[in-house]
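Positions are given from 1, in the same order as the sequence printed here.
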Amino acid sequence: MAVLAESGSNPDVDLLYDINGLAKAAPHWIDRIMEFVGEYGLLLAMVLLVLWCWWTVRRRGGQDAAASVAGLVWAPLAAGIAVLVNVPIRGFVERPRPFVDHQGLDVLVSGKTDFSFVSDHATLTMAMGVALFVTNRRFGLAGIALALLEGFCRVYMGVHYPTDVVGGFALGTAVALLLSPLAMALLTPLLKAVERSPRAGWIVRRGSGTRRDALVPGARTPLETEERDLAA
């Protein structure tokens with residue numbers, strides 16, 4: 001009843017108190033873990049997931065290797081663009097952080113003085129997760145799951161309303177999907193050129209590029225050497 005009185009029967013605020021209430025009931029060490037995971041850990045996990053997907057695509061190779069790597073390059077670019085788009089949105093909405101207008105929240109991270117809508121962390125992680133899903137569904141689903149967990153952590157930490165997180169999810173998804181055709185049209189030819197490069201081809205495909213012995217004038221391949229020995 002106290003929560004309802006403070007929230008004024010606003011579902012957004014009610015859910016904020018319900019989720020943040022878990023932090024009040026949890027042991028201190030769990031709150032410290034959630035603080036690290038929500039502030040840094042899940043962003044790091046998302047970067048590692050993209051790198052893991054890149055390593056898998058690179059080892060597999062195939063004709064679509066350049067396009068797949070282009071999609072992985074697009075993932076962090078989409079996240080960066082989405083955060084830039086969020087700058088004027090925050091300035092226009094000017095929504096204070098939830099702990100400014102509502103008492104009794106257990107705020108795990110201090111020093112947040114900027115506006116609340118929309119959540120940068122939710123925007124970043126969802127943009128990367130959706131862009132990753134376009135390239136590889138299995139890794140993309142894992143990325144989207146990390147983004148959802150990030151959104152939960154931001155509300156748990158008392159630094160965002162649930163609608164801040166939902167807005168971040170929507171913004172990240174929109175940027176990743178709407179700009180994906182243009183990004184792929186620009187990045188795929190670039191990555192195909194990289195794939196053909198003797199020095200940088202490894203970025204796209206394992207073992208790509210010119211063989212070292214082929215760079216030496218007059219050098220014989222192992223097959224040529226074997227044929228000569230048989231002829232002798």
(request) Indicate yes or no: at least one non-hydrogen side-chain atom of Val50 is less than 4.5 angstrom from one of Trp54. (result) no
(request) Verify the cluster assignment for Val166 and Val118: are they in a single hydrophobic cluster under the rule of side-chain heavy atoms below 4.5 Å apart? (result) no
(message) For Ala78 versus Ala176, what's the shortest heavy-atom pair and its separation?
(response) CB-CA, 4.2 Å
(message) Tell me the closest heavy-atom pair linking Met46 and Ala147, and the distance in Å.
(response) CE-N, 4.2 Å
(message) Side-chain heavy atoms nearer than 4.5 Å, only ILVMFWY residues, links allowed to pass through others: does that put Leu177 and Ile81 together?
(response) yes
(request) Answer whether the closest heavy-atom distance between the side chains of Val85 and Thr123 falls below 4.5 Å. (result) no
(request) Kindly indicate, with the supporting measurements, whether the criterion side-chain contact (heavy atoms from CB on, under 4.5 Å) is fulfilled by Thr125 and Leu146. (result) CA-CA 7 Å; Thr125 51; Leu146 289 178; 5.9 Å; no
(request) For side-chain contact (heavy atoms from CB on, under 4.5 Å), just list the numbers for Val13 and Tyr17, CA-CA rounded to whole Å, side-chain angles, deciding distance to a tenth of an Å, and then say yes or no. (result) CA-CA 6 Å; Val13 180; Tyr17 275 102; 3.5 Å; yes
(request) Please name all residues satisfying side chain to side chain contact (heavy atoms under 4.5 Å, CB included) with Leu22, sequence neighbours left out, ordered by chain then number. (result) Phe152, Tyr156
(request) Could you pull out all residues at least two apart from Leu77 that satisfy side chain to side chain contact (heavy atoms under 4.5 Å, CB included)? (result) Val73, Trp74, Leu187
(request) Search all heavy atoms of Gly172 against all heavy atoms of Ala82 and return the closest pair with its distance. (result) CA-CB, 4.4 Å
(message) Distance check, rounded to the nearest 0.5 Å: Asn20 atom CG versus Leu108 atom CG?
(response) 7.0 Å
(request) Would you please say whether a donor-acceptor pair under 3.5 Å links the side chains of Ser116 and Asp164? (result) yes
(message) Any heavy-atom pair between the side chains of Cys53 and Leu132 that's under 4.5 Å?
(response) yes
(request) Quick one: pull up CG in Asn136 and CZ in Arg60 and give me the separation to the nearest 0.5 Å. (result) 6.5 Å
(request) Indicate the atoms forming the closest heavy-atom contact of Leu178 with Pro181, along with that distance. (result) O-CD, 3.6 Å
(request) Would you mind checking if Arg58 and Glu195 are paired as a salt bridge, meaning a charged N to carboxylate O distance below 4.0 Å? (result) no
(request) Calculate, to the nearest 0.5 Å, the distance between atoms CG and CG belonging to Leu49 and Leu42 respectively. (result) 11.5 Å
(message) Check this for me: does any side-chain nitrogen of one of Arg95 and Asp12 sit under 4.0 Å from a carboxylate oxygen of the other?
(response) yes
(request) Walk me through it: do Leu141 and Phe133 pass the test side-chain contact (heavy atoms from CB on, under 4.5 Å)? (result) CA-CA 6 Å; Leu141 288 174; Phe133 181 81; 3.9 Å; yes
(message) So, using ring pair (Phe, Tyr, Trp, His ring centres under 6.0 Å) as the criterion, who are the partners of Phe139 when residues are at least two apart?
(response) Trp52
(request) Name all residues meeting the salt bridge (charged side-chain N to carboxylate O under 4.0 Å, His left out) criterion together with Arg32; count only those two or more places apart in sequence or in a different chain, and write none if there are none. (result) Glu35
(message) Within the structure provided, determine whether Arg97 and Asp114 are in side-chain contact (heavy-atom separation under 4.5 Å).
(response) yes
(message) To the closest 0.5 Å, what do you measure between CD1 (Ile19) and SG (Cys153)?
(response) 10.5 Å
(message) Are Val155 and Leu15 packed together at the side-chain level, in the sense that at least one heavy-atom pair is separated by less than 4.5 angstrom?
(response) no
(request) Determine the minimum heavy-atom distance between Ala23 and Asp31, stating which atoms define it. (result) O-OD2, 3.0 Å
(request) Take Val107 and Met157 through the side-chain contact (heavy atoms from CB on, under 4.5 Å) test and state the conclusion after the steps. (result) CA-CA 6 Å; Val107 183; Met157 294 160 62; over 6 Å; no
(request) Say whether Phe169 and Leu149 are linked into one hydrophobic cluster, either directly or through other cluster members, by side-chain heavy-atom distances under 4.5 angstrom. (result) yes
(message) Please say yes or no: joined through hydrophobic side-chain contacts below 4.5 Å, possibly via intermediate residues, are Val83 and Met128 part of one cluster?
(response) no
(message) Could you check whether Tyr40 and His121, counting side-chain N and O atoms only, form a donor-acceptor pair closer than 3.5 Å?
(response) no
(message) A side-chain contact here means heavy atoms from C-beta on lying under 4.5 Å apart; do Arg154 and Glu39 qualify?
(response) yes
(request) Looking only at non-hydrogen atoms, find the nearest pair between Pro98 and His160 and report the distance. (result) CG-N, 3.6 Å
(request) Flag yes if Leu182 and Leu171 sit in one hydrophobic cluster, no otherwise; membership is Ile, Leu, Val, Met, Phe, Trp, Tyr, and two members link when side-chain heavy atoms are under 4.5 Å apart. (result) no
(message) Tell me whether the NZ or CZ atom of Arg90 lies within the 45° cone about the ring axis of Phe117 and under 6.0 Å from its centre.
(response) no
(request) Could you tell me whether the side chain of Val165 reaches within less than 4.5 Å of the side chain of Glu150, counting heavy atoms only? (result) no
(message) Going by the rule side chain to side chain donor-acceptor pair (under 3.5 Å), which residues pair with Ser68 if we only count those two or more places apart in sequence or in a different chain?
(response) none
(message) What I'd like to find out is whether the side chain of Leu190 reaches to under 4.5 Å of the side chain of Leu186, using heavy atoms alone.
(response) no
(request) Please round to the nearest 0.5 Å and tell me the distance separating atom CG of Leu43 and atom CG of Leu124. (result) 6.0 Å
(message) Taking salt bridge (charged side-chain N to carboxylate O under 4.0 Å, His left out) as the definition, give me every residue that meets it alongside Asp106, ordered by chain and number, with sequence neighbours left out.
(response) none
(message) Looking at Ala67, is its backbone amide N or carbonyl O close enough to the side chain of Lys192 to form a donor-acceptor pair, meaning the two atoms are under 3.5 Å apart?
(response) no
